[in-house]
Each structure stands twice: as structure tokens, then as C-alpha cells.
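Since this is a predicted model, take the numbers as computed values, not measurements.
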Amino acid sequence: LTKYNVWINYAVPGMRIDLERTNPDGLVQGGGGLPFAAPQRQILVVGGNRAWNETMMPGGPATPAIGQQNDRLVQIWMLPQGAVKAARMAGDKVKVGMDGGKLTLTFPLPAPIANYIETIRLEPRKLIEHVEVMVDNPVLGDTKIEADYDNYKDPDLSDIPFPFHIVEKFGGFPLLDLTVRNARMYNPYVVVPVPDNV
């Protein structure tokens, strides 16, 4: 990944991921559409219960991403701020537990993915260090998505800490290892209106 920008609106909920990928150095292993002839830009969006991909620029021409909405919504509720909001929305359905001497919370995610159960583990400062959700994958069946968070910072002095290191795994295999360069906790201009053709 040479670029990875994410905008999230928790009120809709909605998310736009604008990423660019290029060929890795060395031998390419496995599938995933590699190698690329040139850098490839993807703009992946979800708004409410609809998902689509945009071309050229954020807000550009849209193509429906049939069947992707649940996977993208899970990403919203797995980030620390999303996990806290989802737990609050779950209310009395939250189950409190312990794992290795650390506090855990388990709860259903908000509709339309209320059939997915999320578990978060808190580190001693009560910041989220681990999140996992079992999802229904059409190829693999029930599969665990998990994320680990560390190196929390308060980048815009909003008193809202954000993890500057994020590691995601899918079915136990590495999916994403991000070192975050910048984060803004308040941006009133994150909008993800569903295009008419979607």
C-alpha cells in the first residue's frame, strides 16, 4: 500500500476507503490480483446498507459492490471508536468477562449486521487492544476477523485517543499492518450519500 485514507461517519453509518496498491518487491505469492502493471487505486464505500466502488476520485462515478456491505460495515464497528459506539448501542446485551486478567465486552453489532457478535479486550488504561468478530464468508464459512491496536495518540488534542498501529487478520492470516501517520477525530464534512444507481 502506498496510500490508505479512511473517512468514517458513525451517524449514517458510512465509510470511504481510498487506497493505492502497487507491486511488492520480490516474488509474488498467492492470488489477490497481483501483479499490477501500474499502481492501482481503489475507492471502497459503504453508506447505510449499501456498498459501492468509486472511480477516479472520492464521490466519483459509482459501481454497486453487491454483497460487500456487511464486510465494510464490520470494519466501521471494529475500530476503537466504532466498538465503543456499538457497545453503547447494544445496551443491556453487553456481556462483561475476563481474558488473561483483562476486561472483555461481548455484544451484537448494530443492524443490519446484528447477527454478528463482537468481542473487545481492554488494556489496563481501558483502551481497546483487541477486537474480533465472526463473520459469514461465502467461501470459508464462519471466519474470524480480528484487529490489534497499540501506540495510541491524541493527534488533534481532542481527548480522543486513536491507535497509530493497527494489525488486522482474517481467518488467522495477516490482512493489514498499518502505521498511521495522521488522524482527525472531528470532521463534520464526512458524507457518504448513496448514489442513485446504487
Side-chain angles (χ1 to χ4, degrees), residues 4-19 32 42-54 58 62-97 99 103-122 127-149 160 162-163 166-178 180 183 185 187 190-198:
Y4 194 85
N5 293 321
V6 180
W7 296 266
I8 296 177
N9 180 325
Y10 289 105
V12 174
M15 175 180 67
R16 177 177 279 113
I17 300 173
D18 184 356
L19 64 91
Q42 294 177 296
I43 303 170
L44 315 173
V45 189
V46 63
N49 61 357
R50 298 279 188 262
W52 64 95
N53 300 328
E54 297 170 342
T63 304
I66 310 281
Q68 296 298 309
Q69 64 274 8
N70 289 355
D71 292 341
R72 294 180 188 179
L73 286 170
V74 165
Q75 295 297 316
I76 292 173
W77 303 119
M78 284 186 71
L79 282 168
Q81 284 74 17
V84 169
K85 289 176 185 293
R88 290 186 64 159
M89 290 164 61
D92 60 2
K93 295 177 184 165
V94 175
K95 293 185 173 69
V96 178
D99 178 13
L103 187 65
T104 63
L105 304 174
T106 302
F107 48 88
L109 290 176
I113 52 173
N115 58 322
Y116 289 167
I117 304 298
E118 180 165 285
T119 299
I120 63 176
R121 185 177 67 230
L122 305 177
L127 296 171
I128 295 173
E129 70 176 9
H130 183 79
V131 176
E132 56 186 58
V133 180
M134 290 295 287
V135 298
D136 181 23
N137 183 276
V139 176
L140 302 175
D142 289 344
T143 308
K144 185 193 302 183
I145 298 179
E146 53 191 318
D148 291 301
Y149 303 107
I160 303 173
F162 189 81
I166 301 171
V167 176
E168 267 191 33
K169 293 180 182 176
F170 183 79
F173 293 97
L175 182 65
L176 199 60
D177 188 338
L178 288 178
V180 178
M185 298 300 102
N187 181 356
V190 176
V191 293
V192 283
V194 179
D196 291 339
N197 69 313
V198 174

Residue pair [X] / [Y]: nearest heavy atoms and the distance that separates them:
X	Y	result
Pro163	Val180	O-CG2, 3.7 Å
Ala83	Phe107	O-CZ, 3.6 Å
Ala51	Val198	O-CG1, 3.8 Å
Lys169	Gly172	CD-O, 4.0 Å
Pro110	Ala86	CD-CB, 3.9 Å

List, one per line, each side-chain donor-acceptor pair under 3.5 Å for residues 6-13, sequence neighbours excluded.
| residue | atom | partner | partner atom | Å |
| --- | --- | --- | --- | --- |
| Asn9 | OD1 | Ala11 | N | 2.8 |
| Asn9 | OD1 | Val12 | N | 3.3 |
| Asn9 | ND2 | Val190 | O | 3.0 |
| Tyr10 | OH | Gly82 | N | 3.3 |

Side-chain polar contacts of residues 66-78 - donor-acceptor pairs under 3.5 angstrom, sequence neighbours left out - could you list them?
| residue | atom | partner | partner atom | Å |
| --- | --- | --- | --- | --- |
| Gln69 | OE1 | Gly67 | N | 3.4 |
| Arg72 | NH1 | Val45 | O | 2.9 |
| Arg72 | NH1 | Trp52 | O | 2.9 |
| Arg72 | NH1 | Asn53 | OD1 | 3.2 |
| Arg72 | NH2 | Asn53 | OD1 | 2.8 |

Would you list the pairs meeting side chain to side chain donor-acceptor pair (under 3.5 Å) in which at least one residue belongs to residues 104-117, sequence neighbours left out?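 Those involving residues 104-117 are Thr106-Thr119.
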Output all residues satisfying side chain to side chain donor-acceptor pair (under 3.5 Å) with [X], sequence neighbours left out; order by chain, then residue number.
X	value
Glu129	Lys102, Arg121
Asp177	His165
Asp148	His130

Could you check whether atom CZ of Arg50 has more than 12 heavy atoms from other residues, nucleotides or ligands sitting under 6.0 Å from it?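 No, CZ of Arg50 has 12 or fewer neighbouring heavy atoms, counting only those of other groups under 6.0 Å.
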Give, for atom [atom1] of [X] and atom [atom2] of [Y], the distance between the pair rounded to the nearest 0.5 Å.
X	Y	atom1	atom2	answer
Met134	Ile117	CE	CD1	11.5 Å
Arg88	Leu105	CZ	CG	12.5 Å
Leu44	Arg16	CG	CZ	10.5 Å

Pairwise side-chain contact, Tyr149 with Leu127, heavy-atom cut-off 4.5 Å (strictly under): no
